[in-house]
Amino acid sequence: MTKLGGVKGFHDILPPGGAHFTELETRLCRVLAAYHYDEIRTPVAERTELFARTLGETTDIVEKEMYTFDDRDGSSLTLRPEGTAPVVRAAVDGDLAQREQVLKLFYLGPMFRRERPQRGRSRQFHQIGVELIGRDDPLADAEIVTLLADCLAAAGVTGTQLVLNSLGDATCRPSYRAALAAYGEAHVERLCANCRQRLARNPLRLLDCKEEGCRRIMADAPLVTDHLCAPCRTHFAEVERLLAAAEVPFTVNPRLVRGLDYYVRTAFEVLAPNLGAQNAVAGGGRYDGLVAVLGGPPLAGIGFAIGLERLLMAAGAPELDLRPEVDVIPLTDDAAAVALQLARRLRLAGTRCELEACGRSVRSAMRRADKLGAHFALLVGEDELRARRATLRDMRRQVDHRLAVALDAAGPELAGTIRELAEGAHEAFEAAPEGRLK
Ligand code: HAM
């Protein structure tokens, strides 16, 4: 039979990658708990209208990257391309805003975008994201950005660049949009085909074009920061002041735009220099108005999402000791039941244990324990069954112990003794029976 293979752009996370993801998530969740955020889980599929209504009809995501399909009852469903719209929908559906004035939610899980796969970009990827709903003050923006900086530090990533911009709001954005459209019209001959379309539908996206010719033209385009209304300008200045006071390094790039249309005022991205073309590790911003668009009260909101695959690439694999502490080895079939119990008791006491199949020779069992990198091999053979005491070999120090606890000893006692031995605190153990482990 030929191999079946997976789906293009959908990747397996093979060992030890799974442990690396878990470690990263654990570190980030610790920071989120310290900031007093609650976890929310939403389904991977939503009604298509959710994203069409919130992300923007003319965004790349809605126009060409969503996994959309008809359910058997004819309704259109979409695999979530991002987490903000689903979280806001769930908060509105669950009437969460009636329980709490301010919602502090985080989520973790796979997102789906049908982009062209390349290094750092896949069609299924994972985000950890946060949404702070019900706050419109600059301190909320500063705290969110600080949280992002602390998450990145906890992940062990260094050398990243935090880029900030203000995109204005419903008052000042229209005049900026018009200025940008007028600039684009004046240079339409030299714009790429894509940008000509963008010009008519969503001129802000002109700033996002990767074509060299367009980038050169847009370098002289009007800047959003020159078009902000007074309240937006004051808000942004206060965010900058608070971040400087918190000693969170950032730069302002007035050409930063985001790939989603729900943003107003503060928007930001974190770039990692070692990632190549797909160098955004995280992105976010303010989305006042989104809650109301989804039928909820007129609440403000701000959040961000970190791409976990990119974060792992930027930070490098965390150093983890995944070796078992104990390799439990039943030398004969008769030892199977006792070995199973020993391993289980040790495991329940928190000791990482491997349990081998019966019937290995002592020599091959030692080779295997060595290959696993186990600190100890715990042997149960005929002698041990007779004496009701197991033989423990310290694989790292090459010392044999006859474990001075009964085979039916309680797990914590067993685990405690093994831990003491590992720490070298136990010298007074009997030697193993002659010749056993030679
Ligand atoms: P986003 O910038 O579209 O924002 O995505 C956030 C992060 O997800 C990116 O910076 C990147 O690390 C990762 N990412 C996006 N697409 C891919 C891909 N195809 N492959 C690998 N990683 C990817 C949002 O999704 C917003 N919902 C963030 C937000 C939350 N804004 C407010 N609240």
Side-chain angles (χ1 to χ4, degrees), residues 8-11 13 21 24 28 32 37 40 42 46 50-51 54-56 59-62 64-67 79-89 91 103-133 135 140-141 144-145 147-148 151-152 155 157 160-165 167 205 208 256-272 274-291 300-315:
K8 183 177 172 185
F10 289 63
H11 301 298
I13 299 173
F21 270 89
L24 207 57
L28 298 181
L32 290 161
Y37 273 76
I40 182 166
T42 66
E46 295 277 357
L50 172 67
F51 302 111
T54 55
L55 308 191
T59 56
D60 283 353
I61 294 182
V62 172
K64 50 187 189 214
E65 294 171 0
M66 296 205 303
Y67 282 95
L79 298 185
R80 61 180 182 196
E82 61 102 52
T84 308
V87 166
V88 172
R89 179 208 50 73
L103 301 175
K104 297 172 71 175
L105 304 168
F106 83 88
Y107 52 92
L108 176 75
M111 306 291 159
F112 306 87
R113 297 183 192 175
R114 201 177 188 290
E115 297 188 82
R116 196 170 49 78
Q118 63 180 92
R119 181 173 134 84
R121 187 161 73 188
S122 49
R123 293 180 169 176
Q124 174 176 330
F125 57 97
H126 297 80
Q127 284 186 346
I128 191 161
V130 314
E131 310 299 347
L132 171 57
I133 297 170
R135 289 272 303 272
D141 304 39
I144 279 283
V145 173
L147 167 57
L148 175 54
C151 283
L152 298 172
V157 60
T160 53
Q161 201 194 347
L162 171 66
V163 187
L164 226 62
N165 193 17
L167 302 177
R205 304 228 48 80
D208 224 9
L256 172 77
V257 284
R258 304 267 301 125
L260 303 153
D261 279 358
Y262 50 60
Y263 291 112
V264 293
R265 292 195 166 174
T266 314
F268 49 89
E269 274 182 356
V270 172
L271 309 176
N274 59 346
L275 290 193
Q278 301 304 316
N279 61 349
V281 176
R286 182 161 276 294
Y287 49 81
D288 307 346
L290 188 63
V291 184
I302 181 166
F304 65 77
I306 302 174
L308 288 178
E309 284 83 355
R310 290 187 196 173
L311 184 63
L312 206 52
M313 280 167 67

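One-based numbering, in listed order, for ligands and for the atoms of each.
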- prompt: For ligand 1, which atoms, with element, lie under 4.0 Å from some heavy atom of E82?
  reply: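 So the answer, numbered in order with elements, is 25 (O), 26 (C), 27 (N).
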task: Could you list which atoms of ligand 1 come closer than 4.0 Å to a heavy atom of Y287?
output: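 Answer, ordered by atom number: 32 (C), 33 (N).
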Does [X] come within less than 4.0 angstrom of ligand 1, counting non-hydrogen atoms of the residue?
{"X": "G120", "value": "yes"}
{"X": "S122", "value": "yes"}
{"X": "G129", "value": "no"}
{"X": "R258", "value": "yes"}
{"X": "E309", "value": "no"}

Please determine if [X] has a nitrogen or oxygen closer than 3.5 Å to a nitrogen or oxygen of ligand 1.
{"X": "I302", "answer": "no"}
{"X": "V281", "answer": "yes"}
{"X": "Y107", "answer": "no"}
{"X": "R113", "answer": "yes"}

query: What's the shortest distance from atom 33 (N) of ligand 1 to any protein heavy atom, and which residue and atom give it?
result: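 For atom 33 (N) of ligand 1, the nearest protein heavy atom is E131 OE1, 2.9 Å.
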message: Please list the nearest protein heavy atom to atom 8 (O) of ligand 1 with its residue and the distance rounded to 0.1 Å.
response: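 The answer is Q127 NE2, 3.1 Å.
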Side-chain atoms of residues 274-285: list all donor-acceptor pairs with protein atoms under 3.5 Å, sequence neighbours left out, distances to 0.1 Å.
{"residue": "N274", "atom": "ND2", "partner": "A314", "partner atom": "O", "Å": "3.4"}
{"residue": "Q278", "atom": "OE1", "partner": "R310", "partner atom": "NH2", "Å": "3.4"}

query: Among F304, Y263, F268, which residue places a heavy atom closest to atom 31 (N) of ligand 1?
result: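 Closest candidate by heavy-atom distance is Y263.
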- prompt: Relative to atom 11 (C) of ligand 1, which among G285, A280, G284 owns the nearest non-hydrogen atom?
  reply: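 Comparing heavy atoms across G285, A280, G284, the nearest one to atom 11 (C) of ligand 1 lies in A280.
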